[in-house]
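Since the structure comes first, as C-alpha cells, the remarks are kept for the end.
Every chain is numbered from 1, with letters handed out A, B, ... down the list of sequences.
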2 protein chains.
Amino acid sequence: MATGRTHRPATRSRGIPEATVARLPLYLRALTALSERSVPTVSSEELAAAAGVNSAKLRKDFSYLGSYGTRGVGYDVEYLVYQISRELGLTQDWPVVIVGIGNLGAALANYGGFASRGFRVAALIDADPALTGKPVAGIPVQHTDDLEKIIQDNGVSIGVIATPAGAAQQVCDRLVAAGVTSILNFAPTVLSVPDGVDVRKVDLSIELQILAFHEQRKAGEEAAAEAAAVPAAATRGDSADQGPDGDVPAVMPA
Amino acid sequence: MATGRTHRPATRSRGIPEATVARLPLYLRALTALSERSVPTVSSEELAAAAGVNSAKLRKDFSYLGSYGTRGVGYDVEYLVYQISRELGLTQDWPVVIVGIGNLGAALANYGGFASRGFRVAALIDADPALTGKPVAGIPVQHTDDLEKIIQDNGVSIGVIATPAGAAQQVCDRLVAAGVTSILNFAPTVLSVPDGVDVRKVDLSIELQILAFHEQRKAGEEAAAEAAAVPAAATRGDSADQGPDGDVPAVMPA
DNA sequence: CGGTGTGAAAACCTTCACAGCG
DNA sequence: CGCTGTGAAGGTTTTCACACCG
C-alpha cells in the first residue's frame with residue numbers, strides 16, 4: 001500500500017493518521033450505499049461491518065474528524081457523507097490525466113468511478129501517433145508532445161501513469177515539471193520524485209506475490225495438520241482484513 | 001492493502017512480519033533488474049535505493065529470512081533472488097483464473113507480468129455468452145457456468161475478480177466453494193469470505209481519494225505559506241515512500 | 001575498514017474497556 | 001439504556017546505533 005503504507009516520512013496532516021485517511025474512502029463508500037437506500041442513521045457497529053473493519057477502529061477514526069455522532073443513537077448518514085467528503089477534498093472536482101492508453105489505460109478511461117466522486121478525466125495522453133485523435137471512452141487521445149500544455153491548460157494536479165515500466169520515470173518527470181503533485185503509478189517501477197510530490201503505486205504482480213506467500217504457507221500447514229491431527233472445517237467467519245493499505249497493487253511485470 | 005494493509009488478525013507466518021512480506025516483491029524486482037545487468041553483489045544501501053526504502057529497514061527485513069549477506073561486502077544477487085523467490089513461493093507456478101473479462105479483465109489477461117514470475121493464466125471466465133469462445137490474449141473465454149469445473153480441473157487456488165461490484169460477492173462465493181483460497185479483488189466491494197481465505201483488494205478510486213486528501217492539504221499549506229513566509233523551492237530529494245502495502249488500489253466507482 | 005545483523009528505543013496503529021452523554 | 005468518544009494497554013513497524021565479522 002497500496003499500499004500502503006503509504007506516503008511521506010511522517011506527517012501531521014492536521015493530525016489525521018495516515019492509516020485513518022486510507023480507510024475514509026471505505027467508510028464513504030459504505031455510507032453512500034446507505035444514503036442511496038435512504039437509511040437515516042447508522043451505528044458504529046453496523047457501519048463497521050459494512051466497511052469490513054471493527055467498530056472500535058471506526059470510532060477511533062471518526063474521533064480524529066470530530067464528534068459527529070450522537071450517543072445512544074449513532075451517526076447521521078448524510079452528515080457523515082458530507083464531512084468525510086470534505087475531509088478528503090471531494091467537494092471540489094479534480095481534473096486527472098491518464099498517460100499511456102494501452103489496455104490498462106483504456107480500462108481506466110472507461111471506468112465509471114471517476115465521474116461519480118470528485119474526479120474527472122481531463123485528458124488521455126499516449127506516445128503512439130497512431131492513437132492520436134482516436135476517441136477512447138469518448139475522449140480523444142492526445143500526443144505526449146503536448147503533455148505540458150495539457151496539464152497547464154487544465155490545471156491538472158493529479159496524474160495517472162499507465163505506461164510500460166521503461167517510460168514511467170520519464171513521463172513522471174515531465175508531469176512533475178508541468179505542475180502535477182500527485183501521481184498514481186500503475187507501472188512496475190519505483191518512481192523518484194521531488195519532495196512534496198505524492199506517489200501511490202498499484203501493482204498487480206506484487207499483490208499476487210503476497211497472495212502466493214500466504215498460499216504457500218497454507219499448503220505447508222495443511223500438510224502438517226494432515227500428518228498430525230484432525231483437519232479443521234472452514235466455517236464462515238466474516239472476512240479477513242482486506243487490502244494493503246496499503247500497501248499497496250497494479251499492473252505489469254515484476 | 002492497498003494496503004494495506006492486509007490480511008489475517010495477526011500471523012506468525014513462520015515469523016516473517018506482514019510488512020516485510022509486502023516488501024519482498026519489491027526487493028525481488030530490484031534484484032532481478034540487477035541480475036539482468038549481471039551485477040554480482042549489492043550493498044543494503046544500493047539495493048534499498050533501488051527499491052525505494054531505507055537501508056535499515058531492508059537489513060531488518062532480510063534478517064527475518066536468515067543471514068544471507070557478507071559483512072563488509074553485501075549480498076550475492078543471484079543467491080538472494082533465489083532465497084526470496086523461494087520464500088514467496090515463486091519456485092512453483094500458480095495457475096490463476098480471471099473472472100470478468102471487461103476492459104479491466106482483458107487488460108489483466110494481456111498483462112505480461114504473469115508468466116514471468118510464477119503465475120500462469122489458466123482460464124478466463126465471463127458471464128456474457130457473447131464472449132464465450134472468443135480469444136482474449138490468446139486464451140478463449142469460458143462461461144461462468146463452468147466455473148467450478150475449471151477451478152477443479154486446473155487445480156486453481158488463486159482467483160482474480162474483475163467483475164462489476166454487484167457480481168463480485170457471488171463470484172467470490174463460487175470461487176471459494178470450488179476451492180480457491182486466495183483472491184485478488186478489483187471490484188469496489190468488501191468481500192466476505194470464510195476463515196482461511198485471503199483477500200487482497202485493488203481499488204483505483206480509493207487510491208485517488210487518498211491522493212486528493214494530500215493534494216488538498218498541500219493547497220492549504222501553500223496558501224498558509226504564501227500568507228506567512230518564503231515559499232520553499234522543491235529540491236529533488238529522492239522519493240517519498242510509495243504505496244500502501246498495502247494497502248492497498250483498484251478499479252470501479254466509489 | 002566497510003557493511004551486515006540486531007538489540008533497544010521510538011513511532012505508529014489497533015484493541016480494550018469504560019466513563020459519560022443523549 | 002445504548003452507543004459514542006477516548007484514555008490506557010498491547011502489538012506491530014520503523015528507526016537508531018553499534019557490536020561484530022569478513
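Within the 4.5 Å cutoff, the side chain of A:I206 has heavy atoms near those of the B:L26 side chain.
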Tabulate protein N/O versus nucleotide N/O from nucleotides 3-7 of chain C, keeping only pairs under 3.5 Å, one per line.
residue : atom : partner : partner atom : Å
C:dG3   : O4'  : B:G72   : N            : 3.1
C:dT4   : OP1  : B:S44   : N            : 2.6
C:dT4   : OP2  : B:S44   : OG           : 2.6
C:dT4   : O2   : B:R71   : NH1          : 3.1
C:dG5   : OP1  : B:Y68   : N            : 3.4
C:dG5   : OP1  : B:G69   : N            : 2.9
C:dG5   : OP2  : B:Y75   : OH           : 2.9
C:dG5   : O4'  : B:R71   : NH2          : 3.2
C:dG5   : N7   : B:R59   : NE           : 2.9
C:dG5   : O6   : B:R59   : NE           : 3.4
C:dG5   : O6   : B:R59   : NH2          : 3.0
C:dG7   : N7   : B:K60   : NZ           : 3.3

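Ring pair A:F62/A:Y68: centre-to-centre distance not below 6.0 Å.
B:E45 places no side-chain N or O within donor-acceptor distance of the main-chain N or O of B:S55, the cut-off being under 3.5 Å. Checked by atom type and distance alone, the side chain of B:T32 pairs as donor or acceptor with a backbone atom of B:L28 at under 3.5 Å.
Atom CG of B:N54 is separated from atom P of D:dA17 by 13 Å (rounded to the nearest Å). Rounded to whole Å, the distance from CZ on A:R23 to C1' on C:dC13 is 8 Å. Put simply, CD1 on A:I16 is 12 Å from P on C:dC13, counting in whole angstrom units.
Within a 6.0 Å sphere centred on CD of B:Q92, heavy atoms belonging to other residues, nucleotides or ligands number more than 12.
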Point to revise | Full working for side-chain hydrogen bond (donor to acceptor under 3.5 Å, both in side chains) between B:D61 and B:T20 | key: CA-CA 6 Å; B:D61 283 342; B:T20 295; 2.7 Å; yes

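Residue A:K57 places at least one side-chain N or O closer than 4.0 Å to OP1 or OP2 of C:dT15.
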